[in-house]
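Below: the structure, in structure tokens.
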Amino acid sequence: MITRTRYNPKDIEQKWQARWEASNQYHAPDDSPLPKYYNLMMLPYPSGDLHMGHWYNYTPADAFGRYKSMNGFNVMQPIGFDAFGLPAENAAIKRGVQAHDWTLANIERMRKQMKIIGTRWDWEREIISCLPDYYKWTQWLFLQFYKNGLAYHTKAPANWCPSCNTTLANEQVLADGTCERCGTRVIRKEIEQWLFRITKYADELLKFDGLEWPEKTVTMQRNWIGRSEGAELRFYVDFDGKREEVPVFTTRPDTIYGATFFVLAPEHPWIQKLTTPDQQAAVDAYIEQASHMTEIERLSTEKEKSGVFTGGYVTNPISGEQVPVWVADYVLMSYGSGAIMGVPAHDERDFEFARKFGIPIRQVVLPEGEEPSDPATWTEAKIAHGRLINSGQFDGTPAEDALKAVTAYAEEKGIGEHRVIFRLRDWLISRQRYWGCPIPIVYCPEHGTVPMPEDQLPVILPEHVQFKSTGESPLRYEPDFVNTTCPICGGPATREADTMDTFMCSSWYFLRYADPKNSEAAWSAEAIKRWEPVDQYIGGAEHATMHLLYARFFIKALRDMGHLNFSEPFTRLFHQGMVLGPDGQKMSKSRGNVEAPDGYVDKYGTDTVRCYMMFIGPFDAGGSFKAENLEGVWRFLNRFWSVITENWDATTTIEDDSSESRAIERLRNKTIKRVTEDVSNFRFNTALAALMECNNVMIKQQNEPVAKSAAYRRTLETMIQLLAPMAPHITEELWEVTGHPESVHLSTWPTYDEEKTKDENFTLVIQVNGKVREKIEVPSDISEEDVRKIALDNPRVASFIGENTIRKVVYVPGRLVNIVATR
RNA sequence: GCCGGUGUGGCGGAACGGUAUACGCGUCUGUCUCAAAAACAGAUCCCGCAAGGGUUGGGGGUUCGAAUCUCCCCACCGGCACCA
């Protein structure tokens with residue numbers, strides 16, 4: 001017997017965390033003979049305090065890593081900090097501290113808080129993206145992209161946040177046209193900037209073969225990439241006998257004869273060429289107005305089409321017809337060619353536009369089973385495909401051939417071709433910010449844009465700068481940084497003062513974890529071969545179209561450059577849900593429903609908070625944080641503690657074959673099965689429920705003779721192991737107390753015997769016409785004849801059958817029998 | 001508008017097409033206590049004295065049998081949003 005003690009989480013947790021750290025138990029060695037398992041969670045931004053969301057992400061993810069480790073894997077579970085970014089800069093401006101100091105102090109604080117979670121992180125592999133030994137390689141990667149033509153510098157309209165004073169990637173502008181970070185209205189601004197040619201990989205990024213990713217995320221990425229198949233067709237104008245072409249992209253080349261107008265985006269370079277003198281003023285006014293329009297205003301007038309006639313005409317290359325050219329802001333310069341053919345009969349938007357401006361509508365497609373009708377009577381465009389009419393030589397072409405026929409004709413005549421385009425735009429990585437990774441580029445009056453030689457990396461970001469109250473990047477006013485010499489000629493030159501989007505840092509950090517201390521290279525081939533790709537990635541769904549897309553792009557590009565030999569970074573992906581406040585609303589300071597974990601850890605200990613996080617509900621569903629529900633988990637852990645400490649007796653070895661003993665052994669096997677299946681599928685809530693049930697039975701039996709059996713003792717032991725991933729400290733203590741010299745986390749996950757999970761008896765449910773009428777305990781190996789006999793002989797059952805004739809008897813072995821009886 | 005997801009007691013949530021409501025919270029009753037808390041024991045979907053009947057957002061279908069499959073509708077959540 002063990003001397004009875006009370007469960008005291010504080011002492012236990014401190015004790016074990018110290019021991020784990022001292023023994024470096026969670027370092028994943030590079031030379032282990034065990035198969036590797038790379039269990040990754042998204043690295044945090046060092047905001048300064050760990051909140052419930054962090055706990056909700058890390059706790060189940062850690063339980064999974066521990067489970068894998070107990071199953072014989074060399075689990076690598078690293079952590080680090082995504083340490084560049086705007087909040088540090090804002091804090092610097094607001095509080096007069098340096099972003100560098102603020103960030104490192106936050107990391108220090110967070111690291112302490114993170115250790116309290118009791119997570120099996122391999123701190124030896126920690127990376128901090130804002131330190132030169134990391135960002136040196138981010139810069140090196142930039143140079144590789146540059147050398148391979150995947151990074152380019154250009155002046156182009158960009159999303160500009162006037163409050164953050166920086167450009168934003170498309171992915172960082174919200175649907176309502178505001179800045180993702182500060183909510184300010186984003187405007188468009190022409191600016192010199194660096195872009196990454198992610199569009200080159202658009203097609204490959206659409207493939208998700210072999211990935212176990214949430215269907216939702218795959219769909220979101222597919223939609224974001226937005227592949228469209230169609231044709232480019234070139235309309236033309238003859239200027240003084242000289243023919244010039246204006247291409248359009250269309251997914252419906254079959255409707256070419258229905259093009260009754262032509263539209264240019266307000267930024268289209270052809271507008272001035274086509275505008276007639278009498279329309280000049282109107283066109284100028286329209287363009288002026290469109291350029292001042294913010295995204296929000298465009299959206300608010302979403303339903304109402306606007307536009308202006310240029311007075312000019314272009315010729316339809318297939319029908320030879322001249323069509324009027326309009327300018328309208330529903331055509332986007334950034335998609336396709338910035339020009340469209342308007343086919344009002346068969347496109348909703350064109351229909352609306354033609355209706356508003358009195359442009360003729362001509363039907364050229366006849367959907368299956370319809371007769372031609374007067375478009376003036378229509379209330380909407382006919383989108384459906386069909387047989388072509390009013391289409392000259394194409395008349396009568398059936399729906400299935402129409403697209404190909406027109407495209408083939410255009411190709412033959414040299415006036416167009418089949419084409420695939422994407423909604424995905426190139427990734428804008430320039431940020432007009434200070435606290436980011438410097439772009440290793442120098443501008444020389446003599447040699448232009450010059451990449452820094454690799455052996456001169458890193459380009460060091462100054463740690464102390466003078467902040468501007470405007471929020472403007474102080475970096476461009478740092479003479480020591482900006483003024484430099486040209487790597488080619490040694491003459492005076494200017495350094496690029498923009499820094500990189502922080503998504504650059506997080507697009508490759510999971511590679512660095514494999515070889516975090518390498519000072520010769522970003523990684524070694526051996527390290528990559530050993531650890532990559534990531535087996536399991538766990539993090540928020542908000543990164544579906546940003547981080548997760550950029551990282552995939554990085555890996556594919558680096559593969560093609562010869563730096564890697566795999567194509568997908570994350571084999572399995574899981575998105576945890578969101579923890580909400582007690583009111584079911586998103587936690588926010590303004591709502592006043594923010595719950596910090598610290599107080600609860602103080603009161604109940606880490607293990608209770610961990611288990612509670614997993615017990616709230618399905619891991620991908622999230623849920624409300626309700627403090628009163630912690631009580632239940634707390635009681636469970638206390639009962640767990642006492643049932644083991646009060647009943648543990650290592651000397652009990654009675655292998656009796658009583659039915660009670662067999663029942664306990666069955667419970668043990670069943671529980672192993674349930675917990676194993678649940679944990680491996682991230683169903684921690686039901687795994688804990690299974691353990692609670694098992695615990696409840698053990699408590700019920702503790703004063704019975706069976707508590708002296710070996711089966712009972714074994715079950716106590718098994719329970720400790722099964723709970724270990726979720727509650728690593730209490731189980732470690734109990735494992736020690738029950739006489740095991742080695743850490744429970746280094747023990748081998750218990751296995752079960754399928755035979756021993758089977759009940760000796762079961763409750764036979766007898767239904768009459770699908771309704772439950774009787775329940776009888778019967779032996780599991782009962783024959784069907786016996787079941788039928790029992791069922792039909794049962795007086796209650798008989799009374800429900802009454803005068804009716806038995807039509808059918810359905811027997812589901814081990815469960816129920818259903819007697820179908822009608823008149 | 002388009003795409004995806006969800007809808008089960010007072011609450012969080014369980015249920016290979018087969019006993020709906022496991023596990024936990026809360027509530028009620030009891031034990032202990034001068035008392036309270038904690039702990040422990042029991043009860044707890046609805047109607048009905050009972051027999052019985054009803055119940056998984058609403059309506060239909062498939063099936064011996066549907067929370068589960070299928071169709072339509074409603075509500076909520078997430079994503080995209082004039083992408084030609």
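Numbered from 1 within each chain, the chains take letters A, B, ... in sequence-line order.
Closest to the side chain of A/Ala689, from the set B/A41, B/U19, B/A22, is B/A22. Closest to the side chain of A/Tyr330, from the set B/C82, B/G42, B/A14, is B/C82. Comparing B/C40, B/A39, B/G18 against the side chain of A/Arg815 picks out B/G18 as the nearest. In the set B/A84, B/A22, B/G24, the nucleotide with an atom closest to the side chain of A/Met692 is B/G24. The nucleotide whose nearest atom lies closest to any side-chain atom of A/Lys216 is, among B/G78, B/C40, B/C80, B/G78. Across B/A84, B/G18, B/U19, the shortest atom-to-atom separation from the side chain of A/Val765 is found for B/U19. Closest approach to the A/Tyr335 side chain among B/C25, B/A84, B/A81 is made by B/A84 (side chain taken as heavy atoms from C-beta onward). Each of B/A81, B/A84, B/C3 was ranked by its minimum atom distance to the side chain of A/Val331; first place goes to B/A84. Residue A/Glu693 places its side chain closer to B/C23 than to any other of B/A84, B/C40, B/C23.
Heavy atoms of other residues, nucleotides or ligands lying less than 6.0 angstrom from CD of A/Glu348 number 12 at most. Around NZ of A/Lys603, the count of heavy atoms belonging to other residues, nucleotides or ligands within 6.0 Å does not exceed 12. Within 6.0 Å of the CE atom in A/Met333, the count of heavy atoms belonging to other residues, nucleotides or ligands exceeds 12.
Across the C1' atoms, B/U27 and B/C45 are found 14 Å apart, a figure rounded to whole Å. B/C2 and B/A81 are spaced 8 Å apart, taking the C1' atom of each and rounding to whole Å. With C1' as the reference atom, B/C3 and B/G53 are 43 Å apart, rounded to whole Å. Nucleotides B/G30 and B/A20 place their C1' atoms 30 Å apart, quoted to the nearest Å. When the C1' atom is used for both B/C74 and B/G60, the distance is 15 Å, rounded to whole Å. Straight-line distance between the C1' atoms of B/U6 and B/U68: roughly 14 Å, to the nearest whole Å. Look at the P atom in both B/U56 and B/C46: the space between them is 16 Å, to the nearest Å. Distance check on atom P: B/A43 versus B/C23 gives 11 Å, rounded to whole Å.
When both distances must be under 3.5 Å, the Watson-Crick or G-U wobble mate of B/A39 is B/U31. B/U44 and B/G26 make up a base pair, with Watson-Crick or G-U wobble contacts both under 3.5 Å. Pairing of B/A14, defined by two Watson-Crick or G-U wobble distances under 3.5 Å, is not identified with any nucleotide. When both pairing distances are held under 3.5 Å, B/C49 makes no Watson-Crick or G-U pair with any nucleotide shown. A 3.5 Å limit on both hydrogen-bonding distances identifies B/C74 as the Watson-Crick or G-U partner of B/G7. Across all strands shown, nothing is found opposite B/U68 as a Watson-Crick or G-U wobble partner with both distances under 3.5 Å. As the counterpart of B/C80, B/G1 is assigned, both hydrogen-bonding distances of the Watson-Crick or G-U wobble pattern falling under 3.5 Å.
Between the CD1 atom of A/Ile383 and the C1' atom of B/A84 there is a distance of 11 Å, given to the nearest Å. Distance, A/Ile766 CD1 to B/U19 C1': 12 Å, rounded to whole Å. To the nearest angstrom, P of B/A39 lies 17 Å from CH2 of A/Trp641. Going from atom NZ of A/Lys771 over to atom C1' of B/U55 covers 11 Å, rounded to whole Å. Counting to the nearest Å, the C1' atom of B/C3 and the CH2 atom of A/Trp224 are 14 Å from each other. A/Asn703 has its CG atom 12 Å from the C1' atom of B/C40, to the nearest Å. The NZ atom of A/Lys356 sits 14 Å away from the C1' atom of B/C82 (whole-angstrom rounding). For the pair A/Phe353 CZ and B/C82 P, the interatomic distance rounds to 16 Å; values are reported in whole Å.
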Exercise. Passes side-chain contact (heavy atoms from CB on, under 4.5 Å), A/Ser780 versus A/Lys758? Steps please.
Worked result: CA-CA 8 Å; A/Ser780 294; A/Lys758 289 182 180 151; over 6 Å; no

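When each of A/Asn696 and A/Ser228 is assigned the nucleotide of RNA chain B bearing its nearest heavy atom, the one mapping closer to the 5' terminus is A/Asn696. Residue whose closest nucleotide on RNA chain B sits further toward the 5' end, between A/Val812 and A/Phe249: A/Val812.
A cation-pi arrangement, defined by a distance under 6.0 Å to the six-membered ring centre and an angle within 45 degrees of its axis, is absent between A/Arg552 and A/Tyr201.
Classification of the A/Phe262-A/Phe235 ring pair by plane angle, with boundaries at 30° and 60°, yields tilted. Aromatic ring pairs are classed by plane angle as parallel below 30°, tilted from 30° to 60° and perpendicular above 60°; the pair A/Phe682 and A/Phe619 is tilted.
If you take CG on A/Leu206 and CH2 on A/Trp224, they are separated by 14.0 Å, rounding to the nearest 0.5 Å. Going from atom OG1 of A/Thr379 over to atom CZ of A/Phe351 covers 6.5 Å, rounded to the nearest 0.5 Å.
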Please write out each protein N/O paired with an N/O of nucleotides 7-13 of chain B under 3.5 Å, distance rounded to 0.1 Å.
unit_1	atom_1	unit_2	atom_2	d
B/C11	O2'	A/Lys626	NZ	3.3
B/G12	O2'	A/Ile616	O	2.7

N/O to N/O distances under 3.5 Å, protein versus nucleotides 48-52 of chain B:
unit_1	atom_1	unit_2	atom_2	d
B/G52	OP1	A/Arg796	NH1	3.3

Report all interatomic pairs (protein N or O, nucleotide N or O of nucleotides 61-64 of chain B) with separations under 3.5 Å.
unit_1	atom_1	unit_2	atom_2	d
B/C64	OP1	A/Lys808	NZ	3.4
B/C64	O2'	A/Asn818	ND2	3.3
B/C64	O2	A/Asn818	ND2	2.6

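The shortest non-hydrogen separation linking A/Ala791 to A/Ile819 is CB-CD1, 4.2 Å. The two residues A/Thr407 and A/His418 have their closest heavy-atom pair at CG2-N, 3.5 Å.
Between A/Trp326 and A/Phe353, the gap from one ring centroid to the other is short of 6.0 Å.
The glycosidic torsion of B/G9 lies within 90° of 0, which places this base in the syn conformation.
In summary, of the residues considered (A/Phe625, A/Tyr604, A/Tyr600), a ring-ring contact (aromatic ring centres under 6.0 Å, His included) with A/Tyr612 occurs for A/Phe625 alone.
Within the 4.5 Å cutoff, side-chain heavy atoms of A/Arg666 are placed close to those of A/Glu760. Under the 4.5 Å side-chain criterion, counting only non-hydrogen atoms from C-beta, A/Ile340 is not in contact with A/Asp347.
Contact annotation: A/Arg635 reaches the phosphate of B/G26 (side-chain N/O to OP1 or OP2, under 4.0 Å).
Backbone-only engagement by A/Arg639 is indicated by non-hydrogen atom pairs under 4.0 Å involving sugar-phosphate atoms exclusively.
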